[in-house]
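Index from 1, following the sequence.
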Amino acid sequence: MEQKGDLDEKISMAMIVILFGPSMILASATINNNSTSPNYTMLVAVYGVICVSALIVLWKLLNKYSNYKLGLMGERAVGEELNKLMLDGCHVYHDFKFNDDDDYNIDHVVVAPSGVYCVETKCSRKRKGLPERKEHEIVFDGEQLHYPHNTNSFGVEQTRRNSTQLAQWLSSAVGEKIYVKGILTFPGWYVRETKMAKNLRVLNPKLIRNYIASQKEKVLDPELTQQIVHQLEQRCRNVEM
């Protein structure tokens with residue numbers, strides 16, 4: 001929410017410059033009773049430069065705001081799906097931070113009898129893709145994500161890194177080795193895995209509940225689960241999105 005407030009403030013400032021600049025110039029001309037003086041011409045030229053700059057900044061800010069809004073909607077959609085896991089006896093947390101001063105967070109954490117899961121959400125708009133690719137599908141080959149329009153690994157290493165860091169933090173906090181499984185999810189996309197990656201699944205949000213429920217091996221006993229839950233509750237919000 002802090003990021004949204006910062007963006008709102010910058011967008012407002014850019015719009016003020018664009019909208020009220022002409023009024024300031026007109027007021028200056030009226031006060032001086034001369035719209036042909038060199039000073040007035042210079043003022044118009046300066047405003048023109050400032051206005052163009054403000055328009056460029058505003059365009060970038062609006063794009064950033066649009067991406068932020070898309071990401072927020074995606075996280076909420078994933079959070080709603082994950083909250084259904086509470087019906088299965090799981091604990092669900094959102095917006096985990098290792099420290100209060102951290103600039104980044106882990107989107108979601110699920111604690112189930114089968115273990116701890118680190119869930120990262122990535123949102124991407126659908127675009128017209130290459131002829132041989134489906135426009136609604138992301139294919140994960142174990143290392144790379146093949147979108148309709150390009151190929152990258154954005155989010156893969158982040159999920160792995162966050163899973164490792166969360167495992168280290170929890171292990172230190174409870175005094176026992178804790179393993180964390182990573183899940184990278186893409187709201188609104190059909191996701192197909194052609195090769196299984198170690199300690200990482202790439203899934204549509206609606207498939208996460210079935211995946212976690214299908215893990216029959218119980219690696220966390222009630223006592224250890226309670227210790228983990230206690231640590232997570234100190235650092236992130238439970239249930240609400």
Any Val119 side-chain heavy atom under 4.5 Å of Val109 side chain: no
Side-chain heavy-atom pair Met86, His91 within 4.5 angstrom cut-off: no
Pairwise distance SG(Cys123) to CD(Glu75) - rounded to 0.5 angstrom: 7.5 Å
Rounded distance [0.5 Å steps], CD1 in Ile106 versus CH2 in Trp169: 9.5 Å
Pair Glu81 + Arg209, salt bridge at N-O below 4.0 Å: no
Straight-line distance of Ile178 CD1 to Gln231 CD, nearest 0.5 Å: 10.5 Å
Closest contact, heavy atoms only, Gly188 versus Asn204: N-ND2, 4.3 Å
Asn162 vs Glu120 side-chain heavy atoms within contact, under 4.5 Å: yes
Student check: side-chain heavy atoms of Val180 and Tyr117 closer than 4.5 Å: no
Close side-chain approach of His94 to Asp107, heavy-atom, < 4.5 Å: no
Min side-chain heavy-atom separation Thr121-Pro187 under 4.5 Å: yes
Within 6.0 Å of CZ in Phe154, more than 12 heavy atoms from elsewhere: no
Atom pair OG1/NZ of Thr185 and Lys206 - distance to nearest 0.5 Å: 10.5 Å
hydrophobic_cluster_shared for Leu207 and Tyr190, side chain cutoff 4.5 Å: no
Asn152/Gln144 under side-chain hydrogen bond (donor to acceptor under 3.5 Å, both in side chains): CA gap, chis, key distance, verdict: CA-CA 6 Å; Asn152 61 51; Gln144 297 283 316; over 6 Å; no
Leu145: hydrophobic cluster co-members (side-chain, 4.5 Å): Ile138, Phe140, Tyr147, Val156, Leu184, Phe186, Trp189, Val191, Leu200, Val202
Cation-pi check, Lys181 onto Tyr179 ring (under 6.0 Å, within 45° of axis): no
Spacing of Ser163 atom OG and Asn199 atom CG [to the nearest 0.5 Å]: 6.0 Å
SB check Arg160 Glu143 (cutoff 4.0 Å): yes
Nearest atoms (heavy-atom pairs only) where Lys122 meets Gly155: CE-CA, 3.9 Å
Intermediate values then yes/no, side-chain contact (heavy atoms from CB on, under 4.5 Å), Val139 and Glu193: CA-CA 6 Å; Val139 179; Glu193 297 171 297; over 6 Å; no
CD on Gln165 to CZ on Phe98, rounded to 0.5 Å: 5.0 Å
Which atom of Pro148 lies closest to which atom of Glu137, heavy atoms considered: CD-O, 3.5 Å
Side-chain donor-acceptor contacts of residues 217-230 below 3.5 Å, not counting sequence neighbours, with atom names and distances?
{"unit_1": "Asp221", "atom_1": "OD1", "unit_2": "Glu223", "atom_2": "N", "d": "3.1"}
{"unit_1": "Asp221", "atom_1": "OD1", "unit_2": "Leu224", "atom_2": "N", "d": "2.7"}
{"unit_1": "Thr225", "atom_1": "OG1", "unit_2": "Asp221", "atom_2": "O", "d": "2.9"}

Partners meeting side-chain hydrogen bond (donor to acceptor under 3.5 Å, both in side chains) with Thr151 (sequence neighbours left out): Arg133, His146
